[in-house]
J.: 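Sharing a structure, written as structure tokens. Questions coming.
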Amino acid sequence: MHIVLDPGTFDCSNLGDVAMLQVAVARVHGTWPEATVHVFTRDPGALAKHCPDVEPVSDQGRRAWLADRFFLGGLHRALPQSASRRLVAARNGARERWPRAVERAMLLKLRLRPAGREAMDAFRDTMRQADLVAVAGQHGLVDCFRAHARFQLDTLEMASRRGTPIALFSQAVGPLDDPELRARVRTVLREAVLIGLRERCTSVPVLESLGIAPERMMVTGDDAVALAYHARRDSLGDALGVSLRTTPVAGVEDHVIDRVRGPLHAFARAHRVELVPLASAHHAVARDGRTLRALLQGYDDHTDGGAHLDTTDKLVAEVARCRMVVAGAYHVAVFALAQGIPAVCLTESRYYSRKFVGLADLFGEGCQTVSLSSPTMADELACAVERAWSCAPAVREPLRASAERQVSLSCAAYRRVRDRLESWRMVQ
């Protein structure tokens with residue numbers, strides 16, 4: 001059996017995405033022990049470091065094969081955007097009606113442009129032998145990641161067109177207002193065996209508005225919850241963990257660092273506690289280590305900002321040292337809450353606000369949110385930190401109970417896909 005996973009990270013530089021992938025791989029191996037697991041990647045070495053028991057598949061090969069501009073060529077550069085979009089729509093229509101003819105045309109073009117042919121052939125071979133194509137742990141079906149969403153949907157559609165079952169695990173969907181993207185999500189996801197959702201507040205209403213059948217959806221929580229929950233400790237930590245994500249998609253700019261620094265340093269000095277930097281993303285866009293070094297400046301001028309936290313085990317263990325965390329990165333909050341550690345979540349963009357609202361809905365008390373754009377943000381943050389620090393012993397077990405429920409639901413989602421595949425094969 002061959003199972004293809006489309007992950008949330010292609011270079012393993014975001015440890016939250018890595019955690020979701022690691023749990024997905026473990027669940028697939030546990031559910032289908034005989035399966036070979038194939039994972040899209042741009043860095044096979046990094047993938048092997050974090051997930052040694054999978055087969056790498058070139059994401060560049062996939063993107064070259066599916067790219068609109070590869071098939072339709074320089075016409076996109078010469079035409080207005082509206083005309084370019086009509087060409088893409090025509091290509092998608094042709095691919096649905098005459099898939100073999102489109103494939104033959106692309107292969108002919110590849111003979112004229114042999115560069116990358118090997119990677120594309122490997123992608124096509126992998127998809128051809130797949131018994132299941134699944135999206136593992138992502139928040140990619142969203143307006144701010146349109147290009148990524150299109151490749152994800154094209155991959156799932158390619159599988160469905162070949163008669164291969166598709167599924168999605170640990171997903172968040174939306175905000176999704178783009179009409180073209182909504183139409184694509186509606187068309188592709190209605191074929192899914194199951195859509196496992198990591199939150200209900202945004203994802204369920206979005207999919208319901210697209211007419212996705214309720215029986216295809218299941219709210220499971222985030223797959224990464226399992227990794228942190230199983231690493232929980234008996235003793236309560238004594239440090240204050242901090243993370244802050246300064247990226248365009250988070251809506252947080254560097255000047256916010258100065259506004260957050262004051263309340264955190266004041267609390268740490270008053271309570272004489274260590275500030276622990278929790279860096280979960282190490283790629284060029286989200287340089288958590290740089291941001292956290294700046295945040296801790298004046299309190300700990302020798303920190304590396306958490307740059308040494310280069311595996312999920314290291315990051316989860318560092319979170320476990322904390323009595324509470326202030327989290328500007330979504331998965332830092334997940335790693336804390338799953339261990340029974342309260343989190344104060346910092347929000348700014350619509351995208352990140354929806355992430356944290358969904359997390360608070362599942363974990364309840366112990367997960368607070370503070371808007372970075374509030375004119376009274378400093379006072380709100382100070383009060384939230386004091387509250388979380390004080391209530392940490394009381395919320396520990398309720399948070400862990402919520403995490404345990406989510407782990408159970410997530411495991412059940414994989415079993416449900418297995419059972420539905422077995423039923424599907426019996427009627428073939």
Side-chain angles (χ1 to χ4, degrees), residues 175 199 201-202 237-280 286 288 291-300 305-306 319 322-337 339-396 398-399 402:
E199 57 83 36
C201 294
T202 298
D238 57 7
L240 170 57
V242 294
S243 75
L244 186 63
R245 180 68 49 79
T246 52
T247 62
V249 72
V252 179
E253 299 179 357
D254 285 348
H255 67 82
V256 174
I257 297 173
D258 295 330
R259 298 179 61 211
V260 174
R261 184 189 291 117
L264 293 185
H265 286 204
F267 178 90
R269 288 193 172 95
H271 291 264
R272 298 181 180 180
V273 299
E274 180 184 3
L275 291 178
V276 176
L278 302 171
S280 61
D288 285 1
T291 300
L292 292 173
R293 284 195 300 273
L295 183 63
L296 268 61
Q297 186 177 4
Y299 193 86
D300 181 356
V319 171
C322 302
R323 181 185 175 101
M324 63 153 295
V325 304
V326 174
Y330 167 80
H331 272 103
V332 169
V334 171
F335 293 152
L337 295 165
Q339 297 185 75
I341 299 167
V344 175
C345 304
L346 305 178
T347 71
E348 181 69 3
S349 69
R350 187 183 180 201
Y351 174 66
Y352 263 75
S353 295
R354 296 296 179 89
K355 283 175 176 283
F356 287 129
V357 166
L359 197 60
D361 174 65
L362 290 180
F363 278 99
E365 188 178 0
C367 183
Q368 305 174 68
T369 61
V370 173
S371 171
L372 291 170
S373 60
S374 170
T376 58
M377 184 276 294
D379 291 338
E380 292 175 33
L381 177 57
C383 290
V385 171
E386 288 282 0
R387 189 181 309 117
W389 189 268
S390 298
C391 76
V395 301
R396 191 169 181 80
L399 289 175
S402 178

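Quick note: residue numbers are just sequence positions, from 1.
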J.: Given side chains that start at C-beta, do those of Asp238 and Glu274 come closer than 4.5 Å, heavy atoms only?
T.: no
J.: How close do Ala239 and Val276 get, heavy atom to heavy atom, and via which atoms?
T.: CB-CG2, 3.6 Å
J.: Does any part of the side chain of Leu264, heavy atoms only, come nearer than 4.5 Å to the side chain of Tyr299, both counted from C-beta?
T.: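 A side-chain contact under 4.5 Å is absent here.
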J.: For a side chain to side chain contact (heavy atoms under 4.5 Å, CB included) check, start with the C-alpha distance between Trp389 and Val273, then their side-chain angles and the critical distance, and finish with the verdict.
T.: CA-CA 11 Å; Trp389 189 268; Val273 299; 3.6 Å; yes
J.: Please report the shortest heavy-atom distance between Ala327 and Phe356, naming the atom on each side.
T.: O-CZ, 3.7 Å
J.: Nearest 0.5 Å, please: how far is CG in Leu346 from OG in Ser353?
T.: 10.5 Å
J.: For the SG atom of Cys345 and the CG atom of Leu372, what is their distance to the nearest 0.5 Å?
T.: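 That separation rounds to 11.0 Å.
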J.: What is the distance from atom OG of Ser374 to atom CD of Glu380, rounded to the nearest 0.5 Å?
T.: 3.5 Å
J.: Under 3.5 Å, is there a donor-acceptor pair between the Thr347 and Thr369 side chains?
T.: no
J.: My understanding is that only one of Pro398, Pro342, Ser402 makes a side chain to side chain contact (heavy atoms under 4.5 Å, CB included) with Phe363; could you say which?
T.: Ser402
J.: Does some side-chain heavy atom of Val385 sit less than 4.5 Å from a side-chain heavy atom of Val326?
T.: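 A side-chain contact under 4.5 Å exists here.
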J.: At what distance, to the nearest 0.5 angstrom, does CG of Leu278 lie from NE2 of His331?
T.: 14.0 Å
J.: Work out which heavy atom in Val344 is nearest to a heavy atom in Ala388; give both atom names and the distance.
T.: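 It is CG2-CB, 4.0 Å.
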J.: Answer whether the closest heavy-atom distance between the side chains of Arg245 and Thr291 falls below 4.5 Å.
T.: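 Result no, sub-4.5 Å side-chain heavy-atom pair not found.
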J.: Counting N and O atoms only, with roles assigned by atom type, does the side chain of Thr202 sit under 3.5 Å from a partner on the main chain of Pro175, one being a donor and the other an acceptor?
T.: no
J.: Could you walk me through whether Leu295 and Val260 pass the side chain to side chain contact (heavy atoms under 4.5 Å, CB included) check?
T.: CA-CA 8 Å; Leu295 183 63; Val260 174; 4.0 Å; yes
J.: Quick one: CG on Leu337 to CE on Met324, what's the gap to the nearest 0.5 Å?
T.: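 Rounded to the nearest 0.5 Å, the CG-CE separation comes out at 10.5 Å.
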J.: Side chain to side chain contact (heavy atoms under 4.5 Å, CB included), that's the test. Do Cys322 and Gln339 meet it? Break it down for me.
T.: CA-CA 10 Å; Cys322 302; Gln339 297 185 75; over 6 Å; no
J.: Tell me whether Ser243 contacts the main-chain N or O of Gly328 through its side chain, where contact means a donor paired with an acceptor under 3.5 Å.
T.: yes
J.: side-chain hydrogen bond (donor to acceptor under 3.5 Å, both in side chains) for Glu386 and His271? Distances and angles first, verdict last.
T.: CA-CA 10 Å; Glu386 288 282 0; His271 291 264; 3.3 Å; yes
J.: Give, for atom SG of Cys201 and atom NZ of Lys355, the distance between the pair rounded to the nearest 0.5 Å.
T.: 14.0 Å
J.: Restricting to non-hydrogen atoms, name the atom on Met377 and the atom on Val370 that form the minimum distance, rounded to 0.1 Å.
T.: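 Here Met377 and Val370 meet closest at CG-CG1, 4.1 Å.
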J.: Does any non-hydrogen side-chain atom of Leu359 lie less than 4.5 Å from one of Glu199?
T.: no
J.: Please tell me if the side chains of Arg323 and Leu240 come closer than 4.5 Å, counting only heavy atoms from C-beta onward.
T.: no
J.: Minimum heavy-atom separation for Ala279 and Asp288, please, with both atom names.
T.: CB-CB, 3.7 Å
